[in-house]
Structures are given as structure tokens and as C-alpha cells.
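Note that this is a predicted model, so its numbers are computed, not measured.
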Amino acid sequence: MTQTYIENIAEHVGESVTIKGWLYNIRSSGKLIFPQVRDGSGILQCVVFKKNVAEEVWNACQTLTQESSLIVTGTVRADERAPGGFEMDVTDVEIVSIAEPYPITPKEHGAEFLLDHRHLWIRSKMQHAILRVRHEVIRAVRDYFDSHGFILADTPIFTPAACEGTTSLFEVNYFDDEKAYLTQSGQLYNEATSAAFGRAYAFGPTFRAEKSKTRRHLTEFWMVEPEVAYATLDDIMDLAEDFLCFIAARVLANRRPELETLGRDIQKLEAIQKPFPRISYDEAAKMLIDGGQAFEYGGDFGAPDETFISSKYDRPVMVHRYPAAVKAFYMKPDPTDPTKALGVDVLAPEGYGEVIEAASARRTSSSFAIRSPSTNYRKKRSTGISTCGNTAPCPTPASAWASSAVLRGCAESNTFAKPFRSRERFTGPSHSERWTPVLWGSRCGRLEGAIP
RNA sequence: UCCUGAGUAGCUCAAUGGCAGAGCAUUCGGCUGUUAACCGAAGGGUUGUAGGUUCGAGUCCUACCUCAGGAGCCA
């Protein structure tokens with residue numbers, strides 16, 4: 001018999017169908033057994049009535065344990081007593097495998113335990129909702145750029161050198177006596193692709209060897225980096241604003257049930273509408289000082305500073321023209337005040353901090369050649385490090401670059417946590433908080449501490 | 001690296017310096033509509049590690065280990 005997926009079960013009312021999956025939970029009441037079966041697309045309550053099945057089927061159901069694999073066949077029926085509104089009157093059960101005692105019980109668990117069982121944890125309802133929202137965010141990111149004239153040009157993960165010069169890199173052996181580093185940004189390559197295609201983006205994993213221990217940082221995360229030739233800071237701020245609104249709208253349109261499963265405050269996502277407030281660093285600094293924050297003018301904003309600024313707005317706020325000294329070298333100075341950089345940070349609401357950093361980038365100044373990433377890159381070019389199918393190394397003299405702008409937004413962490421040290425894996429708020437802030441929180445893969 | 005908190009049954013957590021406990025999970029029994037089902041019974045412990053104080057330490061002290069939250073770093 002062909003397999004039916006639970007997500008399509010409503011189309012099969014009155015029919016006999018076969019579901020192939022795993023036992024999510026089971027309850028019994030004398031001559032009735034209620035196995036809940038999940039197949040990855042959903043969870044379906046089955047009803048096994050002793051009089052309606054063969055004795056061996058009834059006995060088999062007595063042996064089922066949580067997460068045992070099984071194939072059930074029966075008639076689909078709408079029933080308001082069933083979670084989900086549909087259930088199956090079982091006529092046959094084939095047990096594929098009886099699971100050992102399953103470590104994740106239908107009660108509460110701690111973060112450490114759940115991360116040690118991450119391969120099983122992703123079977124739970126909360127994790128399904130989180131990963132489906134993640135999937136929607138990633139699809140929206142791709143759809144946005146694909147439909148706005150950008151070409152996807154992914155960049156190498158093994159790279160010959162740092163590009164921003166500040167963060168620590170993971171070093172790996174690259175054949176005999178060469179060293180390579182896991183990428184911290186595709187930016188150097190994006191310079192080349194944007195000069196070739198005008199609008200290009202890279203979207204992939206990024207690595208930073210910072211022993212940061214906050215909810216805002218991971219050693220491995222996914223980042224999307226669009227680059228637009230000839231764009232100004234205002235152009236790139238418009239892009240960032242439009243991009244975020246698009247993603248929020250898509251998740252709201254397609255993943256509302258998952259957001260509700262997670263207990264997400266949907267109104268806060270619905271508030272993500274244009275226009276976003278745009279304030280200068282000087283204005284933001286004045287807010288902090290007037291608000292009594294421990295902040296010194298001229299410095300970068302700390303996490304509490306960003307939270308304070310974003311708390312004044314119900315939607316993302318764009319802070320532009322930071323002091324050049326606290327920003328990356330590639331940002332172009334503001335012609336009206338060269339001490340300021342033509343860059344912008346987009347701060348998410350609800351204290352999630354910076355989700356996008358963007359800038360109008362230096363590309364033509366001869367003075368930057370000394371510090372030019374392109375210059376470094378040329379020197380290291382002989383390593384020839386490049387990964388298959390990615391942008392080929394192709395350095396160009398600095399003077400040949402057109403002015404362009406970059407927008408870098410972090411998307412998501414990986415599905416599987418635990419890279420090397422537990423402190424560097426998914427981190428999040430106290431697991432006693434039974435919610436998962438999705439969208440902004442997806443940037444750092446928040447923990448959900450309870451099943452289901 | 002710094003600050004704060006935590007570590008007890010497979011899991012989540014109790015236990016005034018005085019007998020090591022509960023719920024879930026597991027095993028057995030009961031129940032014809034369960035919704036994290038319920039009811040009854042059983043098994044399950046070197047209280048993170050090493051010292052110390054005390055008649056007596058899960059509890060107090062010291063060091064270390066691990067985890068969590070925050071700071072710094074950083075995106």
C-alpha cells in the first residue's frame with residue numbers, strides 16, 4: 001500500500017491509508033489504545049479497538065515504546081476529540097523496530113541534556129516548529145535576492161587570510177605545509193562578484209574563533225552577504241529595510257501555526273513595517289547619555305546599549321555614521337565628516353541586538369591600498385585556495401573597483417549544535433522560559449527547554 | 001579572563017547540620033475515548049571530584065571539574 005503523509009491526511013477522509021513513522025506517544029484505556037504516530041510531516045492519533053483488530057495486532061501494540069518505528073494502516077476519520085482534528089481507525093500495525101527506552105520523556109528536560117541528545121531532540125514539536133521557521137527564513141532570503149536582480153555567487157569556506165583583520169580565525173591544515181582558515185566573511189570575493197554582476201550575494205556558513213559566551217554569538221553561523229555596485233549608504237539602508245520586511249511577512253504568511261506553537265508574540269513581528277527609524281550615531285549616543293546609560297561618546301555600543309536604543313522603538317532601528325575608529329576599515333568615510341564611517345547597524349527589537357551591518361565600502365581610494373584586503377589577498381594568492389564551484393580567486397587592482405556597498409545580515413545557526421565546546425554551541429535564555437524567540441532569535445538558535 | 005548561580009535516581013526537581021524523597025521514564029497489574037491520560041505495585045542512589053570542620057555533612061569551609069546566566073571580546 002502506498003504511503004500517505006500526515007500533512008495531507010485531510011484529503012483522505014473515509015479512505016484506508018498507510019502511515020510510516022514513529023510512535024510519538026501512546027495512551028491506553030482497557031480495550032482501547034491511542035498510539036500517536038509521527039512521520040515527520042505531522043502527528044496523527046490512531047485508535048486501536050481490541051474488537052476491530054487481529055489478536056497479534058493488539059498484542060503488538062502492547063509492546064510499543066516511545067519512538068518505535070511502525071507502519072500503520074487504517075481508515076481516516078474526522079474527530080474533534082483527536083488532536084489535529086483527524087484520527088485513524090487502525091486495522092493493521094507492522095512494527096519495524098521496537099525502540100530502546102527513549103531518553104526524552106514527555107516531561108521537562110534541561111538544556112545540557114537535550115543538547116547531548118540533539119539528534120533525538122529534533123523529533124519534538126518545538127524543534128520541528130523552530131526548524132520549519134528557519135527553513136522559511138532561509139527560503140525567504142533566497143527568494144528576496146533572487147527576485148531583486150541578484151545572482152547567487154557563494155564564496156569559499158577555506159580562505160587564505162582574514163578579511164576584517166579583527167576576529168580570530170579557525171586554522172586548518174591545507175595539504176602539506178599550507179595553512180588555510182575557515183571563512184569569517186565572503187566579503188573579499190563579493191567585491192569581485194559585484195563588480196562582475198552588479199548585484200550579487202553569498203549565503204553560507206561563517207566561522208569565528210571567538211570564545212564569546214553570549215546569546216549573540218556562535219562560532220559557526222549562517223550569514224547572507226549581498227553586495228551592490230555603485231550603491232550609496234541610503235540605497236543600502238532601503239535594501240536592508242525592504243529585505244527584513246519581506247522576511248517577516250513571509251514567515252507570518254507561511255509559518256503562523258509554528259509561531260503559535262512556539263508561543264511567539266506575533267504582534268511584534270507584524271510591527272516590522274516600513275519605514276524603520278534612521279538615527280545617527282550621535283543621536284543614539286545622546287539617547288544613551290540622556291537615558292543615564294554607562295556609555296562614553298566615541299565608543300562602540302555594548303549589548304545593554306543596543307538593547308536600550310532598540311527598546312525605544314517597536315520595529316528595527318537603523319543607526320548610521322558610527323565613528324570610523326570603531327568600525328571596520330572597509331567602510332567609506334563620510335565626506336561631510338571624515339571621522340564618521342558611512343555604515344549602518346540595524347538593531348532588532350526586543351533586545352536581540354544587531355542583525356545587519358552594512359556600509360558603503362571603500363573601493364577606489366588609493367590610500368586604502370596599504371590596508372586593502374585585496375592587497376592581502378593578492379599576496380596570498382599563490383595558495384590558490386578555492387573551493388569547488390565557488391568564486392575563483394581573481395584579484396583586481398584596487399583602483400579598478402567601483403564604489404559599492406555591502407549589506408551583511410546574519411541568518412541562522414546550524415541545525416546541529418555542539419561544534420567543539422559546549423559553551424560555543426546554541427545558547428539562550430534560561431530554559432525555564434517556555435518560549436523561543438523566532439526570527440531575531442533564529443540568528444542564534446535559541447534553546448527551548450521543554451518537550452513537546 | 002572576570003562576576004553570579006547551579007551540580008542529589010535515566011530525566012526534572014525536593015530534603016531546618018540528624019532514616020535519601022517525589023513526579024515522569026522503565027517493569028508488572030487495572031480501566032471501551034485518552035489529550036504531557038489516570039489508578040495500584042515494583043525495581044532504581046559512591047548526593048560532580050578531592051580534602052577539611054563536626055558526635056553526625058546532600059546541607060558548612062577550601063580547591064578543582066562541569067553546566068547555566070551576565071560582562072569582556074565580537075557579528
Side-chain angles (χ1 to χ4, degrees), chain A residues 24-36 43 45-52 62-63 65-67 77 79-85 87 89 99-117 120-121 124-126 164-169 184-185 187 206-225 294 299-307 326-328 343 345-348 352-358 408-411 413 421-433 443-444 447 449-452:
Chain A
Y24 189 73
N25 199 0
I26 190 165
R27 290 181 282 267
S28 68
S29 178
K31 304 295 183 283
L32 279 170
I33 301 175
F34 298 94
Q36 290 189 323
I43 297 172
Q45 172 161 292
C46 301
V47 184
V48 184
F49 185 28
K50 190 172 185 181
K51 285 182 181 171
N52 291 355
Q62 305 286 341
T63 69
T65 56
Q66 196 183 356
E67 287 301 327
R77 181 166 47 75
D79 193 313
E80 62 183 15
R81 291 172 294 187
E87 64 184 18
D89 284 321
E100 297 173 12
Y102 190 68
I104 300 178
T105 68
K107 292 281 181 177
E108 205 175 338
H109 296 283
E112 185 183 5
F113 175 82
L114 289 169
L115 284 166
D116 283 342
H117 297 83
L120 302 176
W121 190 20
S124 73
K125 283 181 188 169
M126 287 288 190
E164 293 186 346
T166 50
T167 56
S168 307
L169 302 175
Q184 64 174 181
S185 167
Q187 190 180 338
T206 303
F207 306 87
R208 305 278 169 102
E210 302 288 345
K211 288 185 181 178
S212 297
K213 189 169 153 40
T214 79
R215 66 183 59 182
R216 291 186 166 89
H217 298 94
L218 284 171
T219 49
E220 173 185 341
F221 61 97
W222 276 53
M223 178 163 78
V224 63
E225 298 177 280
D300 203 355
F301 300 137
D305 300 325
E306 290 182 352
T307 300
V326 304
K327 281 295 174 187
D345 282 3
V346 182
L347 306 180
Y352 292 115
E354 178 198 314
V355 286
I356 289 178
E357 178 184 63
R408 299 191 359 227
C410 301
S413 54
R421 297 177 52 176
S422 55
R423 67 189 304 182
E424 292 156 358
R425 65 199 182 193
F426 285 116
T427 58
S430 161
H431 62 267
S432 62
E433 296 178 50
R443 179 183 176 194
C444 52
L447 277 183
I451 301 294

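- Rounding to the nearest 0.5 Å places CG of A/D79 at 4.0 Å from CD of A/E87.
- Closest approach of A/L32 to A/V47, counting heavy atoms only: CD2-CG1, 3.8 Å.
- Judged by distance alone with a 3.5 Å cut-off, no donor-acceptor contact links the side chain of A/E80 to the base of B/G33.
- Along RNA chain B, the nucleotide nearest to A/E87 and the one nearest to A/F301 differ in position, and the one closer to the 5' end is contacted by A/E87.
- Side-chain atoms of A/P83 and A/I43, non-hydrogen and from C-beta on, never get closer than 4.5 Å to each other.
- In this structure, the CD1 atom of A/I104 is 14 Å from the C1' atom of B/A36, given to the nearest Å.
- The distance from atom CD of A/E225 to atom C1' of B/A75 is 11 Å, rounded to the nearest whole Å.
- Rounded to an integer number of Å, the gap from CZ of A/F49 to P of B/U34 is 14 Å.
- Taking atom P in both B/U16 and B/U53, one finds a spacing of 24 Å when rounded to whole Å.
- Looking at A/R81 and A/Q45, their side chains never come closer than 4.5 Å, going by heavy atoms from C-beta outward.
- For the side-chain contact (heavy atoms from CB on, under 4.5 Å) criterion with A/I26, the lone passing option out of A/T65, A/V48, A/I33 is A/I33.
- Going from atom NZ of A/K51 over to atom C1' of B/G33 covers 15 Å, rounded to whole Å.
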With 3.5 Å as the limit, what N/O pairs link the protein to nucleotides 24-29 of chain B?
none

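- When the P atom is used for both B/U47 and B/U8, the distance is 11 Å, rounded to whole Å.
- Within a 6.0 Å sphere centred on CD of A/Q62, other residues, nucleotides and ligands contribute more than 12 heavy atoms.
- Between the P atoms of B/G5 and B/G40, the separation comes to 41 Å (whole Å).
- Taking the side chain of A/A303 as heavy atoms from C-beta on, and the options B/A71, B/U34, B/U32, the nearest nucleotide is B/A71.
- With B/G33, B/U12, B/A36 as the choices, the nucleotide that has an atom nearest any side-chain atom of A/H109 turns out to be B/U12.
- Residue contacts for A/Q62: at a heavy-atom cut-off of 4.0 Å it reaches no nucleic acid atom on any strand shown.
- Comparing the C1' positions of B/U49 and B/C67 gives a spacing of 15 Å, expressed to the nearest Å.
- Listed by chain and number, the residues in a side chain to side chain donor-acceptor pair (under 3.5 Å) with A/N52 amount to none (sequence neighbours excluded).
- Comparing B/C61 with B/C19, their C1' atoms sit 26 Å apart, to the nearest whole Å.
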Strand RNA chain B in bracket notation, Watson-Crick/G-U under 3.5 Å with | for pairs to another chain: (((((((..((((....[..)))).(((((.......))))).....(((((..]....))))))))))))....

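- Rounded to a whole Å, the CD1 atom of A/I43 is 12 Å from the C1' atom of B/A36.
- Heavy atoms of A/P83 sit under 4.0 angstrom from at least one base atom.
- With hydrogens and angles left out, the side chain of A/K50 and the base of B/U32 share no donor-acceptor pair within 3.5 Å.
- If you take CD on A/Q184 and CG on A/L169, they are separated by 5.0 Å, rounding to the nearest 0.5 Å.
- Taking atom NZ on A/K31 and atom C1' on B/U32, their separation rounds to 8 Å, with Å as the unit.
- Separation of atoms CG (A/D345) and NZ (A/K327) is listed at 3.5 Å; rounding is to 0.5 Å.
- As rounded to the nearest Å, B/G70 and B/A9 have C1' atoms that lie 32 Å from one another.
- Here the C1' atom of nucleotide B/U12 and the CZ atom of A/F113 are 10 Å apart, to the nearest Å.
- When heavy atoms are screened at a 4.0 angstrom cut-off, A/N25 is found touching the sugar-phosphate backbone but no base atom.
- Residue A/W121 holds its CH2 atom at 11.0 Å from CZ of A/F113, rounded to the nearest 0.5 Å.
- Annotation: the span from A/F301 atom CZ to A/L347 atom CG amounts to 8.0 Å, rounded to 0.5 Å.
- Comparing B/A36, B/U32, B/G33 by their closest approach to the side chain of A/D79 singles out B/G33.
- Mapping A/S29 and A/D300 onto RNA chain B by nearest heavy atom places A/S29 closer to the 5' end of the strand.
- The side chain of A/E357 approaches B/A75 more closely than any other nucleotide in the set B/U32, B/A75, B/C31.
- As a whole-Å value, the separation of A/L32 CG from B/U32 C1' is 4 Å.
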